[in-house]
Amino acid sequence: PDGRTLVVAESMASRLTAFEIAADGSLSKRRVFAQLERKIPDGICLDTEGAIWMASPFGHECVRVHEGGRISATIRVESQAFACMLGGPDRKTLFLCTAEDSDPVKCVASRSGRIEYVRVDVAGAGLP
């Protein structure tokens, strides 16, 4: 939330990785923010408590992850969740991009892509 850390999702490594951001924008001090078992992190967003909401497509869910890997909330979806963002007037609406498949041709044919949403307790932080 203070703008001094960049967190990225490493999908195929099943982890979130953090870097310190220097005044000149350079990155250093790479560290594992969270190593996740049986989760494939895809789209992520940050809340004001420093937790990361993470879409996990193959788990049909979006989870709230704290540094160290503790999961404090899970939102289940019927299809696959590919991205998430906290928004709305108070930034306490978690928007989820979902679809039955990641293949664009299959998605167009099935028209399964949706924006779903759910209210959460902690507001979003950082740049949307």
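Counting from 1, the numbers follow the sequence of the chain as shown.
- K92 has no carboxylate O lying under 4.0 Å from a charged side-chain N of D121, or vice versa, which leaves the two without a salt bridge.
- Counted within 6.0 Å of CD on E78, heavy atoms from surrounding residues, nucleotides or ligands total 12 or fewer; the atom is thus considered open.
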_Apply side-chain contact (heavy atoms from CB on, under 4.5 Å) to residues M54 and C84 and explain how you reach the verdict._
CA-CA 7 Å; M54 175 192 91; C84 59; 5.8 Å; no

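- What you find for A55 and A81 is that their closest heavy atoms are CB-O, 3.5 Å.
- Between the R76 side chain and the G59 main chain, a donor and an acceptor come within less than 3.5 Å of each other.
- Among pairs with a residue in residues 2-12, those fulfilling side chain to side chain donor-acceptor pair (under 3.5 Å) read D2-R4, E10-R15, E10-T17, E10-R30, at least two apart in sequence or across chains.
- Within a 6.0 Å radius of CG in D90, other residues, nucleotides and ligands contribute more than 12 heavy atoms.
- For the residue pair M85 and C45, the shortest heavy atom distance occurs at CA-SG, 3.7 Å.
- For the pair R91/T48, no side-chain contact is recorded, criterion being any heavy-atom separation below 4.5 Å from C-beta on.
- Judged by distance alone, the side chain of Q80 and the main-chain N or O of E100 form a donor-acceptor pair under 3.5 Å.
- The distance from atom OG1 of T98 to atom CD1 of I75, rounded to the nearest 0.5 Å, is 13.0 Å.
- Pairs of residues two or more places apart, or lying in two chains, that qualify as salt bridge (Lys or Arg N to Asp or Glu O under 4.0 Å) and include a residue from residues 32-45 are K39-E61.
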*Show your working on side-chain contact (heavy atoms from CB on, under 4.5 Å) between L86 and W53 and close with a plain yes or no.*
CA-CA 9 Å; L86 288 158; W53 279 100; 3.8 Å; yes

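- One hydrophobic cluster holds both F58 and M12 under the rule that ILVMFWY side chains link at heavy-atom gaps under 4.5 Å.
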*Working for side-chain contact (heavy atoms from CB on, under 4.5 Å), residues I40 and S14*: CA-CA 5 Å; I40 306 291; S14 295; 3.9 Å; yes

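- Grouping the Ile, Leu, Val, Met, Phe, Trp and Tyr side chains by contacts below 4.5 angstrom, directly or via other members, places L94 apart from V65.
- Both I71 and I52 are assigned to one and the same hydrophobic cluster, defined by single-linkage of ILVMFWY side chains at heavy-atom distances under 4.5 Å.
- Annotation for P1 and L46: closest pair N-CD2, 3.5 Å, computed over non-hydrogen atoms.
- Cluster membership check: L36 shares its hydrophobic cluster with I44, using side-chain heavy-atom separations under 4.5 Å among Ile, Leu, Val, Met, Phe, Trp and Tyr.
- In the hydrophobic clustering of this structure, V120 groups with V77; members are Ile, Leu, Val, Met, Phe, Trp, Tyr whose side-chain heavy atoms approach within less than 4.5 Å, directly or through other members.
- A distance-only check finds no donor-acceptor pair linking the side chain of S56 to the backbone of P41 [under 3.5 Å].
- Atom CZ of R111 has 12 or fewer heavy atoms from other residues, nucleotides or ligands within 6.0 Å.
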*Report the C-alpha separation of R64 and V122 in whole Å, then their side-chain angles, then the decisive distance to 0.1 Å, and conclude whether the side-chain contact (heavy atoms from CB on, under 4.5 Å) test is met.*
CA-CA 10 Å; R64 184 173 184 251; V122 181; 3.7 Å; yes

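- Donor-acceptor pairing under 3.5 Å is recorded for the side chains of H66 and S72.
- The number of heavy-atom neighbours closer than 6.0 Å to OH of Y117, taken from other residues, nucleotides and ligands shown, is 12 or below.
- Although no hydrogens or angles enter the test, the distance criterion places no donor-acceptor pair under 3.5 Å between the side chain of E20 and the main chain of L27.
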